[in-house]
2 protein chains.
Amino acid sequence: MSIRDLARHLDISIGTVSRALNGKADVNPETRERVLEAAKRLGYVPNQSGRSLRQGTTNTIGFMIESTIETADAGGSFFMPVFEGVQSVFRRHHLDLVALLCGTDEDPASYLNRVVGRRFVDGLIISATMRHDPRIDFLLERKIPFVALGRSATRGDYSWIDLDFEGVAATAVTRLAGFGHRRIAIGTPASDLNLGYVFLDGYKRALAANGIGFDPSLILPANGNEEGGYQVACRLLAQEPMPTAIILVNENMAVGLYRRLYEAGLQPGRDIAVIGFRESTQSRFLSPTLTCFRISLRDLGIKLAEAMLSALPAFEGQYPRETVELIWPMQLVSGESDRPGSPSGLA
Amino acid sequence: MSIRDLARHLDISIGTVSRALNGKADVNPETRERVLEAAKRLGYVPNQSGRSLRQGTTNTIGFMIESTIETADAGGSFFMPVFEGVQSVFRRHHLDLVALLCGTDEDPASYLNRVVGRRFVDGLIISATMRHDPRIDFLLERKIPFVALGRSATRGDYSWIDLDFEGVAATAVTRLAGFGHRRIAIGTPASDLNLGYVFLDGYKRALAANGIGFDPSLILPANGNEEGGYQVACRLLAQEPMPTAIILVNENMAVGLYRRLYEAGLQPGRDIAVIGFRESTQSRFLSPTLTCFRISLRDLGIKLAEAMLSALPAFEGQYPRETVELIWPMQLVSGESDRPGSPSGLA
DNA sequence: GTGAAAGCGCTAACAA
DNA sequence: TTGTTAGCGCTTTCAC
């Protein structure tokens with residue numbers, strides 16, 4: 001069922017059918033009615049390849065996520081709500097969102113090259129930005145509209161939105177210092193992810209602001225998943241003297257950390273102060289409740305979508321060209337894990 | 001940079017360039033070499049719309065996931081490893097996988113209609129099958145190659161792969177009955193998801209096989225997330241007498257259930273027997289350890305991909321046409337949560 | 001307000 | 001072995 005079939009069926013030219021379907025002004029209202037009715041009845045949907053070839057746009061935005069060891073199990077729970085937010089904006093503009101899954105065994109840069117070269121999407125959202133990220137250079141050079149979820153040391157005129165890692169670090173360190181802690185460890189990503197550097201910087205500055213010296217041995221790199229959190233706890237327990245507090249920069253670590261602490265007979269809040277990263281469905285059900293940071297991932301997705309639209313030439317009218325550089329605030333959710341109190345449930 | 005530009009640059013015809021790039025036999029090795037070299041050097045990648053329009057295929061497979069309340073946070077951790085497996089197979093055949101995200105506010109059927117009508121993908125993998133699933137009828141009618149992740153009461157000649165819910169039910173019930181339990185509750189999905197029906201059937205049969213009467217009040221429907229698990233626990237606690245065992249059919253429920261039990265001063269394994277569903281990174285770190293079922297999601301993805309290839313006419317040579325109807329086994333992982341023993345950590 | 005026709009980038013059939 | 005050309009489905013200009 002092509003536009004030609006539809007035109008033949010209605011006994012009018014395919015040009016008129018096209019104009020009717022695309023809401024052009026110069027078409028008889030009666031004719032338009034007939035066309036729309038027939039299209040609906042016959043289930044006609046325009047072939048995207050045909051449209052794309054002609055118009056040079058696909059009306060599709062790609063959201064590239066890599067399924068690395070970091071994101072394989074865990075990342076999904078982060079991205080899904082973000083997608084949902086992105087999509088709620090795109091739908092209003094008849095844009096479709098597809099998740100582009102770069103597999104573990106494929107080079108992100110060459111994957112990107114293929115996707116872009118094929119003209120598969122009109123724009124891209126990239127995530128898991130690296131400190132030095134060749135994807136950014138590539139996209140800038142090819143003049144592909146894109147937005148980065150995450151900052152990078154790679155400079156240029158592009159929009160990015162990132163979580164407020166330094167704010168989290170500052171708030172957490174200051175809070176713990178206020179409770180009297182001096183040996184505050186951090187669990188950071190083991191990879192070259194830019195967020196690790198940003199978080200570390202914030203941590204160092206916050207230490208200084210609170211008059212606490214920096215001790216490199218308190219930095220505990222690990223994978224950003226439950227297993228990594230477990231390992232962080234192991235390394236904590238091995239230190240002499242043991243740090244009295246730990247801040248995590250990944251939401252999945254807390255579960256593993258808790259587990260290891262329990263195995264050692266230690267309780268968060270009583271024996272060691274724990275501040276987790278993002279509040280998640282998991283963390284909400286930990287005992288004792290986890291002190292962590294709240295963020296609306298859906299709203300983040302909405303902002304990402306708007307930044308994307310501002311980068312798309314086709315939407316210049318509705319979303320004026322603008323470079324967004326936004327640090328997304330996170331809000332402290334006070335729990336029982338970082339100070340003595342009345343932990344629930346567990347004896 | 002189109003094929004025309006490339007041809008002009010090399011001063012040969014675009015037909016020859018096309019053949020060289022597509023590995024056709026009838027092209028001078030020397031010419032091919034020149035073409036490939038130039039294409040690489042100039043960063044030429046064929047425009048997918050042009051190819052698709054001409055060939056009628058897109059070399060892209062869509063994996064449709066709905067971001068419902070069930071999957072919003074939780075589903076990601078299930079799907080990511082599956083994607084990874086699917087992709088590992090597709091890559092060998094130069095197929096790309098895209099995740100098609102049907103938003104909460106969009107009707108899955110009309111979303112599907114749009115995707116299919118536009119000829120966006122050559123084939124589809126659908127998930128979260130409903131007991132009566134209009135998507136299946138639609139795809140069968142339009143003769144779109146597809147594979148369903150999940151069974152459905154909707155019949156027809158199509159491939160599906162599903163988890164072994166009845167096997168899980170049988171194993172869990174039999175195991176609990178062996179430990180002496182008679183009042184065994186189940187936490188099932190609140191929606192019309194087909195897996196709920198399959199699981200319930202298996203549960204009933206297993207009860208009968210173990211000489212236990214069926215009591216409808218032991219069926220506790222809830223959302224398949226942590227919150228749902230919490231609610232299941234609340235309803236358990238409210239029953240008089242309280243069931244002595246609970247089987248969950250969703251991996252995310254266990255965390256919330258544990259939480260509520262702790263709040264009530266009850267411990268899995270000691271005060272109530274708990275069998276979770278899928279072993280996950282979360283569940284692995286619960287205390288006491290959760291008795292649950294292991295599955296390789298990556299292998300599941302590989303099988304899905306192979307079933308998809310068997311449904312694609314273009315791959316008839318390598319993957320003969322075949323209808324796969326496969327129930328994927330899950331393997332019991334014995335933990336401390338379903339019987340008295342030596343629970344770790346918690347007093 | 002409508003029809004005719006060009007052409008987006010590509011592949012495949014055919015001609016040379 | 002290579003060049004030429006038709007045409008995939010669509011939108012858009014240009015006549016009418």
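Numbers restart at 1 for each chain; the letters A, B, ... are given by sequence-line order, proteins then strands.
Going from atom CZ of A:Arg19 over to atom C1' of C:dA5 covers 12 Å, rounded to whole Å. What separates CD1 of A:Ile14 from P of C:dG7 is a distance of 15 Å, to the nearest Å. Look at CZ on B:Arg4: it is 6 Å from P on C:dC8, rounded to the nearest Å. For the pair A:Lys24 NZ and C:dT2 P, the computed distance is 16 Å after rounding to whole Å. In this structure, CG of B:Leu21 is placed 9 Å from P of C:dC10, rounded to the nearest angstrom. Rounded to an integer number of Å, the gap from B:Asp5 CG to C:dC8 P is 11 Å.
Using a 4.0 Å cut-off between charged nitrogen and carboxylate oxygen, B:Arg91 and A:Glu106 count as a salt-bridge pair. Between B:Arg131 and B:Asp192 there is no salt bridge, since no side-chain nitrogen of the basic residue lies less than 4.0 Å from a carboxylate oxygen of the acidic one. Taking the charged nitrogens against the carboxylate oxygens, B:Arg135 and B:Asp133 do have a contact shorter than 4.0 Å, which makes a salt bridge.
In this structure, B:Asn59 has no side chain to side chain donor-acceptor pair (under 3.5 Å) partners at least two apart in sequence or on a different chain. Remark: A:Tyr319 pairs with A:His93 by the ring pair (Phe, Tyr, Trp, His ring centres under 6.0 Å) rule, at least two apart or across chains. By the ring pair (Phe, Tyr, Trp, His ring centres under 6.0 Å) test, A:His132 is found to be paired with no residue, residues two or more places apart in sequence or in another chain being considered.
Rounded to 10 degrees, the angle between the two end axes of the helix from C:dG1-D:dC16 to C:dA16-D:dT1 is 50°, with five pairs used at each end.
A:Asp26 comes within 4.0 angstrom of a base, heavy atoms only. Note on B:Ser18: a base of the nucleic acid sits closer than 4.0 angstrom, heavy atoms only.
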Criterion side-chain hydrogen bond (donor to acceptor under 3.5 Å, both in side chains) on B:Asp96 and B:Thr60, from CA distance to verdict
CA-CA 5 Å; B:Asp96 271 317; B:Thr60 301; 5.3 Å; no
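With hydrogens and angles ignored, no donor-acceptor pair closer than 3.5 Å exists between the side chain of A:Arg32 and the base of C:dG1.
B:Thr323 and B:Asp157 share a donor-acceptor pair across their side chains, judged by distance under 3.5 Å alone. No donor-acceptor contact under 3.5 angstrom links the side chains of A:Arg118 and A:Asn113, judged on distance only. When only modelled atom types and interatomic distance are considered, B:Ser52 and B:Ser49 share no side-chain donor-acceptor pair under 3.5 Å.
Taking the six-membered ring for Trp and the full ring otherwise, the centers of B:Phe138 and B:Phe146 sit at least 6.0 Å from each other.
Within residues 36-60 of chain A, the residues having any heavy atom under 4.0 Å from DNA chain C are, by residue number, A:Leu53, A:Arg54.
Mapping A:Met1 and B:Ser13 onto DNA chain D by nearest heavy atom places B:Ser13 at the nucleotide closer to the 5' end.
Bounding nucleotides for the chain A contact on DNA chain D, 5' to 3', at a heavy-atom distance below 4.0 Å, are D:dG9 to D:dT13.
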